[in-house]
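A short write-up of the structure that comes next.
None of these values were measured; they are calculated from a predicted model. In what follows, chains carry the letters A, B, and so on, assigned in the order in which the sequence lines appear, proteins first and then strands, with residues in each chain numbered from 1.
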Protein chains: 2
Amino acid sequence: MTDPDHSPSQAPTEPCTEAARGPGRPRSEASRQAILTAAYELLQEKPLPEITSAALAKRAGVSKATLYRWWSSKEAIVLDGYFDAIEHRFPPPATDDPMADLRSHLRDAYSMMGGPDGRIFASLVASGNFHEKLREALNEQLNSPRCRDTQKLLVRAVEAGRLAPALDLELCTELIWGPAFFRLMTGAPIEDDLADRVLGMLVCGLGTKA
Amino acid sequence: MTDPDHSPSQAPTEPCTEAARGPGRPRSEASRQAILTAAYELLQEKPLPEITSAALAKRAGVSKATLYRWWSSKEAIVLDGYFDAIEHRFPPPATDDPMADLRSHLRDAYSMMGGPDGRIFASLVASGNFHEKLREALNEQLNSPRCRDTQKLLVRAVEAGRLAPALDLELCTELIWGPAFFRLMTGAPIEDDLADRVLGMLVCGLGTKA
DNA sequence: CATTTTCGAAACGATCAGTTTCGTTTCGAT
DNA sequence: ATCGAAACGAAACTGATCGTTTCGAAAATG
């Protein structure tokens with residue numbers, strides 16, 4: 001019978017970041033980089049389910065054996081490649097104007113979501129629905145940190161008296177990011193001015209101004 | 001190769017409800033229903049990619065040939081099964097209180113999203129990322145109609161003076177539905193009171209009260 | 001130089017979507 | 001009644017991809 005495999009063997013996903021101390025041939029750093037690069041390149045060309053381990057190996061110029069020696073699954077490789085590529089983008093702004101920072105942060109995020117990396121992100125999030133490991137990694141390494149960034153900026157705006165005190169920060173974050181997720185998942189484009197429009201409408205509220 | 005363009009996609013989705021006109025054995029309505037029911041049952045048990053056509057056929061008590069005689073793909077079958085099951089749920093409310101209607105509409109939607117049907121919806125939306133046909137069908141037959149419902153209620157609330165005039169209805173809708181999509185895609189639960197909290201925060205806005 | 005480990009090539013076994021074949025069944029039309 | 005067109009079930013069949021393994025050769029360390 002089929003059983004939801006869920007890797008019986010504990011994942012060798014442990015990619016000894018540190019140099020091998022023991023004797024013997026050390027891991028090839030060149031291959032590692034080639035694999036991560038190939039993964040990101042392929043992600044730009046096709047959604048995750050259409051990326052085959054064979055194509056990945058071929059693009060990277062390594063064998064499949066090498067892939068599975070260091071990663072537990074195709075998903076793990078591709079995710080690493082994505083993280084590796086986008087790791088140092090969009091550091092949260094930190095000027096002395098909290099609202100400007102918030103707007104700038106949102107613009108960065110929405111700009112990313114609207115471009116090629118957004119499509120990649122969408123395909124990863126979508127795949128997360130079918131691979132709990134993938135979803136968790138995505139949440140822990142991308143979504144949660146980004147949401148924390150947003151919340152820090154929100155807190156600063158509240159402290160500066162620009163936003164209402166006692167805000168539900170988590171809900172705020174979801175309202176802010178919601179439209180991007182909505183469009184990502186429905187396939188609608190994310191225009192350049194969307195971030196500003198979202199922020200504007202959110203700050204003002206839908207209600208009639210008293 | 002035989003003509004790959006069997007029937008233009010979604011056409012066989014709506015098979016003759018009436019008896020077949022031409023000669024020959026008419027289509028088995030029992031099989032059709034059994035297939036749709038089986039599809040919905042399987043969707044409740046596992047995400048779409050894990051549903052095999054063989055399992056679908058077995059559950060419905062039909063042969064795979066019958067499946068593909070009437071549907072063009074596994075996705076089309078499953079989508080039909082889902083639509084068939086949820087078709088007549090949650091008609092948009094229409095009392096004389098626009099804001100109450102809006103709240104009630106949102107509660108219904110979020111309640112669905114938070115339950116088993118929401119998980120199914122999530123898996124379908126996620127799969128839509130990898131099947132353009134599926135995404136389009138989902139948008140046309142579910143997302144767009146629901147958003148139109150929301151917008152109608154918004155318009156009525158505006159006309160009643162309960163919401164600000166000249167609202168960007170599309171953006172409003174995305175803000176309203178955004179948090180549900182966000183949670184659906186990150187795997188976070190959707191609590192019973194989320195709809196009210198979203199609506200409350202949206203109507204008031206994040207800004208400091210003037 | 002010996003040890004240890006990697007690497008590439010290829011093969012393996014399994015699964016799945018979708019198609020085809022074939023013999024049987026069903027029903028409308030004659 | 002009966003004929004025949006089309007639907008039906010069972011199962012074989014395509015063609016593709018998957019994760020994983022095996023094996024010998026290459027290479028880096030001590």
message: Does B:R148 qualify as a cation-pi partner of B:W177, given the criterion of NZ or CZ under 6.0 Å from the six-membered ring centre and within 45 degrees of its axis?
response: no
message: Could you tell me how far apart B:L56 (CG) and D:dG9 (C1') are, to the nearest whole angstrom?
response: 15 Å
field: Positive for side-chain contact (heavy atoms from CB on, under 4.5 Å) with A:L171, one of A:D168, A:L169, A:L167
entry: A:D168
task: Would you mind telling me which of C:dC7, C:dC16, D:dC18 lies closest to the side-chain atoms of A:T52?
output: D:dC18
Interatomic distance, A:K64 NZ vs C:dA10 P [rounded to whole Å]: 12 Å
- prompt: Any donor-acceptor pair under 3.5 Å linking the side chain of A:S53 with the backbone of A:K74?
  reply: no
- request: Using atom CZ of B:R25 as one end and atom C1' of C:dC27 as the other, report the distance to the nearest whole Å.
  value: 9 Å
task: Return the nearest nucleotide to the side chain of A:S53; candidates are D:dC18, D:dC8, C:dG8.
output: D:dC18
B:R119 CZ: over 12 foreign heavy atoms closer than 6.0 Å: no
field: Under 4.0 angstrom between A:S31 side-chain N/O and C:dC7 OP1 or OP2
entry: yes
Between C:dA17 (C1') and B:F130 (CZ): distance, integer Å: 18 Å
A:L67 CG to D:dT21 P, straight-line distance once rounded to whole Å: 14 Å
- request: Calculate the interatomic distance between B:W70 atom CH2 and C:dA17 atom P; express it in whole Å.
  value: 22 Å
query: Is B:D117 paired with B:R89 through a side-chain N to carboxylate O contact shorter than 4.0 Å?
result: yes
field: Nucleotide D:dT22, atom P - distance to CZ of A:R69 in whole Å
entry: 11 Å
task: Output yes when at least one side-chain N/O atom of A:W71 is less than 4.0 Å from OP1 or OP2 of D:dG19, else no.
output: no
statement: Winner on side-chain proximity to A:S63, out of C:dA17, C:dA9, D:dC18, is C:dA9
query: For the side chain of A:T66, counting heavy atoms from C-beta on, which of D:dT29, D:dA7, C:dG8 is nearest?
result: C:dG8
task: Figure out the CD1/P separation between B:I51 and C:dT15, and round it to whole Å.
output: 18 Å
task: Compare the minimum distances between each of D:dT20, C:dG8, C:dA17 and the side chain of B:Y68, then state the nucleotide with the smallest one.
output: C:dA17
statement: Walking DNA chain D from its 5' end, the first of A:E50 and A:A65 to be reached, judged by nearest nucleotide, is A:E50
query: Out of C:dG18, D:dC8, C:dC7, which nucleotide sits closest to the side chain of B:K74?
result: C:dG18
message: Starting the side chain at C-beta, find the nucleotide from D:dG19, D:dC8, C:dG18 nearest to B:S28.
response: D:dC8
field: Nucleotide nearest A:V62 (side chain, heavy atoms from C-beta), chosen from C:dG8, C:dA17, D:dC8
entry: C:dG8
